Amino acid sequence: MVVMGIDPGTAATGYGVVQRRDGRLAALDGGLIATPVGGAPEARLAAIYERVCELLDEHLVGELAVEDVYFGQNARSAFAVGQARGVVMLAAGRRAIPCASYTPQQVKGAVCGNGRAGKAQVQRMVGALLGLPAPPTPDHAADALAVAVCHLNRAPLATALARA
């Protein structure tokens, strides 16, 4: 199964594509979708949408996992992140790709065993779990890879619960 993880944002949306092969996780791609600061919001969202569409098609993504909006930030920032999250989910929905959402605490707990882990710890653990030569950077890309790992590790349990 190929899963794309997303750490949404309007200035920088992190993405990570992870595949489970023979019981092991492998990173296929990861990076940032950066939009110009001060650009029109609709143009920034369109750029995020178009790049996510390209990545979904390029990697034949089977499922998408996106990090939930953290509401501890200011309302304006949370609203903008929600818009980016929406266009990402739209790209998946147009392709009938199932979406899952995880809180930052769920992602950190799944990857580090601690829902309050710091960014550096998440980067190190993602690198170790995916067998990367170094921790992934920048942190938005590492977070997106962590979201994909979280989903791949939780998906079998969710499927079993749905069948029960």
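Predicted model only: the values in this text are computed from it and were never measured.
Inter-residue side-chain proximity for Leu130 and Val149 is flagged as met; some heavy-atom pair is nearer than 4.5 Å. Between Ile6 and Thr13 the shortest side-chain heavy-atom distance falls below 4.5 Å.
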Going by atom type alone, with no hydrogens or angles, which donor-acceptor pairs under 3.5 Å involve a side-chain atom of residues 21-47 and a protein atom two or more places apart or on another chain?
residue: Arg21; atom: NE; partner: Gln19; partner atom: OE1; Å: 2.8
residue: Arg21; atom: NH2; partner: Gln19; partner atom: OE1; Å: 3.3
residue: Asp29; atom: OD2; partner: His59; partner atom: NE2; Å: 3.0
residue: Thr35; atom: OG1; partner: Thr10; partner atom: O; Å: 2.3
residue: Thr35; atom: OG1; partner: Arg44; partner atom: NE; Å: 2.8
residue: Thr35; atom: OG1; partner: Arg44; partner atom: NH2; Å: 3.3
residue: Arg44; atom: NE; partner: Pro36; partner atom: O; Å: 3.2

Pair up each side-chain donor or acceptor in residues 48-55 with any protein partner under 3.5 Å, not counting sequence neighbours, and list the distances.
residue: Arg51; atom: NH1; partner: Glu54; partner atom: OE1; Å: 3.1

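Here Arg124 pairs with nothing under the salt bridge (Lys or Arg N to Asp or Glu O under 4.0 Å) rule; sequence neighbours left out. For Ser101, the side-chain contact (heavy atoms from CB on, under 4.5 Å) test picks out Val66, Asp68, Arg85, with sequence neighbours left out.
Of all heavy-atom pairs spanning Ala92 and Cys99, the tightest one is CB-SG, 3.5 Å. Residue Ala142 comes nearest to Gln123 through the heavy atom pair CB-CG, 3.5 Å, listed as atom of the first residue, atom of the second, then distance. Considering every non-hydrogen atom in both Ala146 and Val126, the closest pair reads CB-CG2, 3.6 Å. In this structure, Glu67 and Pro104 approach most closely via the heavy-atom pair OE2-CA, 3.8 Å.
Cluster annotation: Leu132 is connected to Leu152 through the hydrophobic network of ILVMFWY side chains, with a link wherever side-chain heavy atoms come within less than 4.5 Å. Both Met125 and Leu145 are assigned to one and the same hydrophobic cluster, defined by single-linkage of ILVMFWY side chains at heavy-atom distances under 4.5 Å. No single ILVMFWY cluster, assembled from side-chain heavy atoms under 4.5 Å apart, contains both Tyr102 and Met89. Hydrophobic cluster membership is shared by Val122 and Leu129, with clusters built from Ile, Leu, Val, Met, Phe, Trp and Tyr side chains linked at under 4.5 angstrom. Both Val111 and Val3 belong to a single network of hydrophobic side chains, linked directly or stepwise wherever heavy atoms of I, L, V, M, F, W or Y lie under 4.5 Å apart.
The salt bridge (charged side-chain N to carboxylate O under 4.0 Å, His left out) contacts involving residues 127-146 comprise Lys119-Asp143, where partners must be two or more places apart or lie in separate chains. Annotation: salt bridge (charged side-chain N to carboxylate O under 4.0 Å, His left out) contacts involving residues 94-114, sequence neighbours excluded, comprise Asp57-Arg95.
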Test side-chain contact (heavy atoms from CB on, under 4.5 Å) applied to Gln83 and Val69, step by step:
CA-CA 10 Å; Gln83 290 175 326; Val69 177; over 6 Å; no

Please evaluate residues Leu64 and Leu56 with respect to the criterion side-chain contact (heavy atoms from CB on, under 4.5 Å), reporting the C-alpha separation (whole Å), side-chain torsions for both, the decisive distance (0.1 Å), and the verdict.
CA-CA 9 Å; Leu64 184 129; Leu56 291 171; 4.0 Å; yes

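A distance of 5.5 Å separates NE2 of His151 from CE of Met1, quoted to the nearest 0.5 Å.
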